[in-house]
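Down below is the structure, laid out as structure tokens.
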Amino acid sequence: STQSTWDILSVYFFSLALLISTSLEMDKYPCTSAVTLLTGAQLVACGVAVGRARALYGVKAPATSGNPNFDRYYRVQMNQLEATAVFLPAIWLFAQTCSDKAAGIVGGVWGLGRLLYALGYYKAAEKRKAGFLVSFVATLLALAGAGAGVAKNLLK
């Protein structure tokens, strides 16, 4: 769908812009760089899982629904894209204005939450809640850390 394409492109272009803008100082952010790579790996894994689910449940492209089991795989991928669009800018602002190590820890927790979310959701929609909660709290921490760092720099 058009919205799915926009979600994918917006995450891609924002991530690319972020990496280009910080490329001269990437050695200062090893933890956040690692989290960013792992986030990309999760996005790829979600895409592969959707491809496998298409074959397993007989949902041919361009359809994005049709079998409840496939639908859960597709929703995991779309939710991962949506969550990443908020998470990546927040975690990089947090790292650049506060602490790479703290951002790396929060990012690691976020990644674990996203993994738990996916594994739970693949089994049953009701089993996604714990992973969602973990990643949502990590996103809030990243946003709070970014907000505090930006405010600190604005008030200098």
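Computed from a prediction, not measured in an experiment: that's the story for all the values here.
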Does anything in residues 137-150 pair up under side chain to side chain donor-acceptor pair (under 3.5 Å), and if so which pairs, sequence neighbours excluded?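 Counting only pairs at least two positions apart or across chains, the side chain to side chain donor-acceptor pair (under 3.5 Å) contacts touching residues 137-150 are W110-T139.
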Any chance you could pull the hydrophobic cluster mates of [X], using side-chain heavy atoms under 4.5 angstrom and chaining through other members?
X: L155; value: none
X: L38; value: none
X: I105; value: none

Spacing of [X] atom [atom1] and [Y] atom [atom2] [to the nearest 0.5 Å]:
X: Q80; Y: S135; atom1: CD; atom2: OG; answer: 8.0 Å
X: L143; Y: F94; atom1: CG; atom2: CZ; answer: 10.5 Å
X: L43; Y: T84; atom1: CG; atom2: OG1; answer: 4.5 Å
X: R72; Y: K123; atom1: CZ; atom2: NZ; answer: 11.5 Å
X: C46; Y: L81; atom1: SG; atom2: CG; answer: 8.0 Å
X: L116; Y: K127; atom1: CG; atom2: NZ; answer: 13.0 Å

How close do [X] and [Y] get, heavy atom to heavy atom, and via which atoms?
X: A146; Y: L93; result: CB-CB, 3.6 Å
X: S33; Y: W92; result: OG-CH2, 3.7 Å
X: A95; Y: T32; result: CB-OG1, 3.1 Å
X: I91; Y: G107; result: CD1-N, 3.9 Å
X: L115; Y: Q42; result: N-NE2, 3.8 Å
X: N79; Y: R114; result: OD1-NH2, 2.6 Å

Indicate the ring-plane relationship of Y73 and Y122, choosing parallel, tilted or perpendicular according to the 30° and 60° boundaries.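 Rings of Y73 and Y122: parallel, as their planes differ by under 30°.
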Who passes side chain to side chain donor-acceptor pair (under 3.5 Å) against D71, sequence neighbours left out? none
Is there a path of hydrophobic side-chain contacts, each under 4.5 Å between heavy atoms of I, L, V, M, F, W or Y residues, that connects [X] with [Y]?
X: L88; Y: V137; value: yes
X: L112; Y: F87; value: no
X: V35; Y: V134; value: no
X: V59; Y: V76; value: yes
X: L140; Y: Y117; value: yes

Going by heavy atoms in the side chains, are V48 and R52 under 4.5 Å from each other?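 The answer is yes, as the side chains (C-beta and beyond) meet within the 4.5 Å cut-off.
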Scan residues 135-156 for pairs that pass ring pair (Phe, Tyr, Trp, His ring centres under 6.0 Å), counting only residues two or more places apart or in two chains.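 Sorted pair list: F132-F136.
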Checking the side chain of R128 only, and the main-chain atoms of A125 only, is there a donor and an acceptor separated by less than 3.5 Å?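 At least one qualifying donor-acceptor pair exists.
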